[in-house]
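Taking it in order: structure first as structure tokens, then the write-up.
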Amino acid sequence: MAAKYADVIIDISHEKVDRPFQYIIPQELSDSVCPGVRVHVPFGNGNRVKTGYVIDLSDEAAYPVDKLKTIAAVDDKGITVEGNQIQIAYWLKRQYGSTMIAALKTVLPVKQKLKQLERKKVTRCVLPAELLQAAKVCSKKHQAARARALYALAEEEVLPYELLSRKLNVAPASLLSLEKQGYLKIETESLYRNPVKHMDGNEKRVVLSDVQKRIIEEVISDYRSGNPGTYLLHGVTGSGKTEVYLGIIEQIIAMGKQAIVLIPEIALTYQTLLRFYKRFGDRVSVMNSTLSQGEKYDQIRRAKAGGIDVIIGPRSALFTPFPNLGVIVVDEEHEGSYKSESMPKYHARETAVQIASMHKACVVLGSATPSLEAYYRAKQGAYKLYEMTGRHGGSMLPEVYTIDLREELKKGNRSVFSRKLHELIEQRLQAGEQTMLFLNRRGYAGFVSCRECGHVMKCPHCDVSLSEHRNGMLICHYCGYEEARQKNCPECGSKYLLGFKAGTEQIEEALHKEFPAARVLRMDADTTRTKDSYEKILSAFADEKADILVGTQMIVKGHDFPNVTLVGILAADLSLNQNDYRAGERTFQLVTQAAGRAGRGDKPGEVVIQTYQPEHYSIVHAAKQDYRGFYEEEIAFRDFMRYPPTAHMLAVLITSRSGEDGERLGKAMADAVNKRRVQGEKQYEDIQLIGPAEASIGKINDLYRHIFYIKHEDYQVLVEIKDMLELFCKEQELKNQTVQYDFDPMNTY
Ligand code: ADP
Ligand code: ZN
Ligand code: ZN
């Protein structure tokens, strides 16, 4: 049955989406009114006809029906760019569960004025010697300000205009006059349109391999024939995937279409951007977290107006409103950061496929360790799979040693470094080659407990232990709570309140102890607080200013380090101990990618995997870089347990101010699901319900958390259950609890 009422927004700027108005859908328009269409509606006291967008439909009136007005007409100009975005938002809302407002806010750009669009810079036009000469002349003429400017430019080829005008106090007129005399040039550069500064246009084109050529040809030919598909490129880093993206995008652009390239922020390096700039010039735009809202909005405006052909960015770049989208590339498609952590908790890969289908565009996924989801779909024939083997430049795969840490302990080695790893680090230091040590962050808390009574120092607001930092503070990594580290146990007063030494800081300390001469850099959440510290640490390491880089998963991405010939994975199985169905996959990915960092140059590499579970299939296959072997075992496990991707799973998370409220609501919601099941509706019979229970972190920021899971093979059944639960909660008029939905979650709660 067609819906009876439509929510319409009159002005689709971000601030106004909070104010939809409900209208009656007249019988004769019931077929043509759907989210995204433009409608003409009577508005305000005078009932002037205005144009608005339908954003949502419902069968029930939110106000007394006699107060509602009726939609006058449907605009027949077809779906606009905004209309498209509303349709995407509507899909997000339905598919992932959120309010329409939250979905619209995800999709629509924040409308904001740009404070500063441009920056002026001053460049010298003559040789420094000539500037110095001119400066002396100015000094003699008592033109001290001009002399200052000339001296400064003799030192530096390019200077910010503000530096000269403000800091050096040179009047604009003086600068203009120096420009007229030909000493310098004043230019305005836009701040963000060209995030890559040193572009030179001459790109060295590689001769594509047969495999690369074939992939590009097939993708483009499918596209041309009106059957755009989804393609998965499986190939190690360096196997030439990016060249394939570039080739496809080039042809798509030549047809007058546009491209979206998703790259996880952490892998969005200067080198990668440069390749896109060299190929496509300033019709490329980059979206990243360092842009202000205003800059983002301006990018989006340019995209809509046809001023950009390619946008590169993380998850949110997916919603760039291109008029003629032709291709979406999702590089490193297995990355966890493609899943949104706030409502709607959408996955960029799935959303890309949806958006592409709306535009008749194609989707190209790439990964060295594809997600189980993508590989499974490829095997099922929904995606086309291309295996790209081998690295370009022909560097060899590294030699891998798997070390059983239980054996080390038996042999009396209590160091965090196995004997093998110790020996190999020593060798590298002698040879002047570099080492990367990789620690799986998850599970390593650095918590503090009393060895006398067992008391663990916990956050008073969250159900997690506090982490000890070297500055003598105990910090909660969930809410930021801090307290000073005490000497004695607050429970029993004993003096044996000790830190559990682990984590990257401890590794760093151990390195200083065991290899006092080694220069060590550390990279983790603590050392990369500021925006560019990440890039700085990596460049320092690339410039060989350190022998050893210690870090969390952050260090497995990005830069190429040709001098790294040893990679140590210190506790490969830490991530296996999580009570989480993706633990094996995550371990395999991390170990494979970390191992892939060794021997990228012309020197062969070695990898040491330290683990307590050397026999675990994700470690065994990662050591052999055997994706398919891993996939077969993992998919069998998922299938047996009815986990995604063979089945689907909906997590329902309830947060509440009081534990009882959360528990009560969890039970009531689970009952509602069970009721449907026993009522014998066919498709509900195979629902599997797990919980409700307290979440594994039972409290964050003083909010209690309860969780239950529902599994089913058919995603749409879970969507229906979510709709049913939303309705159920609406009837309960919840005040003290909030409910979040997470489809095919990346973590268990
Ligand atoms: P990936 O995206 O899979 O990591 P890239 O496309 O970045 O791989 O390729 C890795 C390196 O090999 C790059 O420096 C690239 O220029 C080079 N390369 C890729 N394809 C070829 C080719 N057909 N011939 C020569 N060099 C290539
Ligand atoms: Zn104690
Ligand atoms: Zn806390």
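Counting starts at 1 for both ligands and their atoms, following the listed order. What you see is a predicted model; the values in this text were computed from it and never measured.
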Take Arg315 and Tyr338 through the side-chain hydrogen bond (donor to acceptor under 3.5 Å, both in side chains) test and state the conclusion after the steps. CA-CA 6 Å; Arg315 195 173 70 217; Tyr338 282 130; over 6 Å; no
By number and element, which atoms of ligand 1 are closer than 4.0 Å to a non-hydrogen atom of [X]?
X: Val236; result: 3 (O)
X: Thr237; result: 4 (O)
X: Leu208; result: 23 (N)
X: Gln212; result: 19 (C), 20 (N), 22 (C), 23 (N)
X: Ser209; result: 23 (N)

Can the ring centroids of [X] and [Y] be said to lie less than 6.0 angstrom from one another?
X: Tyr375; Y: Tyr627; value: yes
X: Phe588; Y: His621; value: no
X: Tyr383; Y: Tyr231; value: no

Taking atom CD of Gln380 as the centre, report whether more than 12 heavy atoms of other residues, nucleotides or ligands fall under 6.0 Å from it. yes
Would you call [X] a ligand 1 contact, heavy-atom distance under 4.0 Å?
X: Met388; value: no
X: Asp331; value: no
X: Gly235; value: no

For the Zn ion (ligand 3), state how many protein N, O or S atoms fall inside a distance shorter than 2.8 Å. 4
Looking just at side-chain N and O atoms, do [X] and [Y] make a donor-acceptor pair shorter than 3.5 Å?
X: Arg586; Y: Asn747; answer: yes
X: Glu333; Y: Ser371; answer: yes
X: Thr565; Y: Glu606; answer: no

Taking Lys699 for its side chain and Pro460 for its backbone only, find out whether a donor-acceptor pair lies under 3.5 Å. yes
Given the Zn ion (ligand 2) as the apex, I'd like the angle to SG of Cys450 and SG of Cys453, rounded to 10 degrees. 110°
